[in-house]
Amino acid sequence: MEIVIQRTYEDLCDEAFRVLRQELLRKPGLALGLATGRTPAGLYRRIVDAKLPMKRVRFFNLDEFIGLPPSDPRSFHHLLHERLLDPLKIPERNAHLLRGDVPDPEKAAVAYEKVVRAAGGIDLQILGIGRNGHVAFNEPGSSLGSRTRPKTLEMKTLVDYAGTFASPDEVPRFSITMGIGTILEARRILLLASGPEKAEAIQRMAEGPITAEIPASALQLHPKASVLLDEDAASRLIRKDYWKWVYANKWRVGQ
Ligand code: PGA
């Protein structure tokens, strides 16, 4: 796992954008897994501003609140359309987003796994991390081998989303989320984290043991995962200087 520490949030978005553009050049029909949350907003802004050629890209998302239809402005479906898919004029056939208003979320989860598989798997997966170490809505205790499924949200997550809703009581209790096993099958992973509130989860996922208590720690098993941080999110890393040294001296083709 690679740890990349940038000075500011804007710098980490620049770096994520650079990687995405590189992957897109390599494969114009990329299968791109999207995270919602606040953190990737700067990356999505850059994609829209740069008018990257993404008509052939197939888009997937990580998770959704059960009960919210795509028309609900608080749904991830709506947010991704607003931030990225609509400005880029992505054809509906290329947007494979989980829905929160399906009658049978368990069945929808199994069907989603098939859609991902039929697309040949995810080429590049963008991830955020929760203060509790979750990735997507795989809350602490999630099986590291889990697949897409309905998942109960923990209190910390409900509190974190209370701002989007009127209060923690109004945040849906359930989500439908790609599993950790599903996420680990992506060919390349970029996890983005910014701000001091993420520093502890980052320290534990990067420098602690692999444990279901910190679901993001499962990325230690992935052969091509990069964790892009700003200085605040990196502030609790014990081996911060080491990570910086490794990245500064990284083996680069042609050096
Ligand atoms: P955030 O969410 O980017 O809004 O902090 C990340 C997450 O909860 O996975």
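Start at 1 and go down the list; that is how both ligands and their atoms are numbered.
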Can you pull out the closest protein heavy atom to atom 5 (O) of ligand 1? Residue, atom name and distance to 0.1 Å, please.
K198 NZ, 2.5 Å
Whether K244 and E231 form a salt bridge (side-chain N of Lys/Arg under 4.0 Å from carboxylate O of Asp/Glu) is what I want to check.
yes
Centroid separation Y44 to F17 less than 6.0 Å
no
Assess the side chains of T8 and D230: does a donor N or O sit below 3.5 Å from an acceptor N or O?
no
Tell me if the centroids of the rings in Y247 and Y242 come within less than 6.0 Å of each other.
no
Is the shortest N/O to N/O distance between T39 and ligand 1 below 3.5 Å?
yes
Shortest protein contact, atom 6 (C) of ligand 1 (heavy atom only)
I129 O, 3.4 Å
Starting from atom 9 (O) of ligand 1, what is the nearest protein heavy atom, named by residue and atom, and what distance separates them?
H134 NE2, 3.2 Å
Selection residues 130-159 - residue pairs positive for salt bridge (charged side-chain N to carboxylate O under 4.0 Å, His left out), sequence neighbours left out
E113-R147, R131-D160, R147-E185
Ranked by distance from atom 4 (O) of ligand 1, the top protein heavy atom is R38 N, 2.7 Å
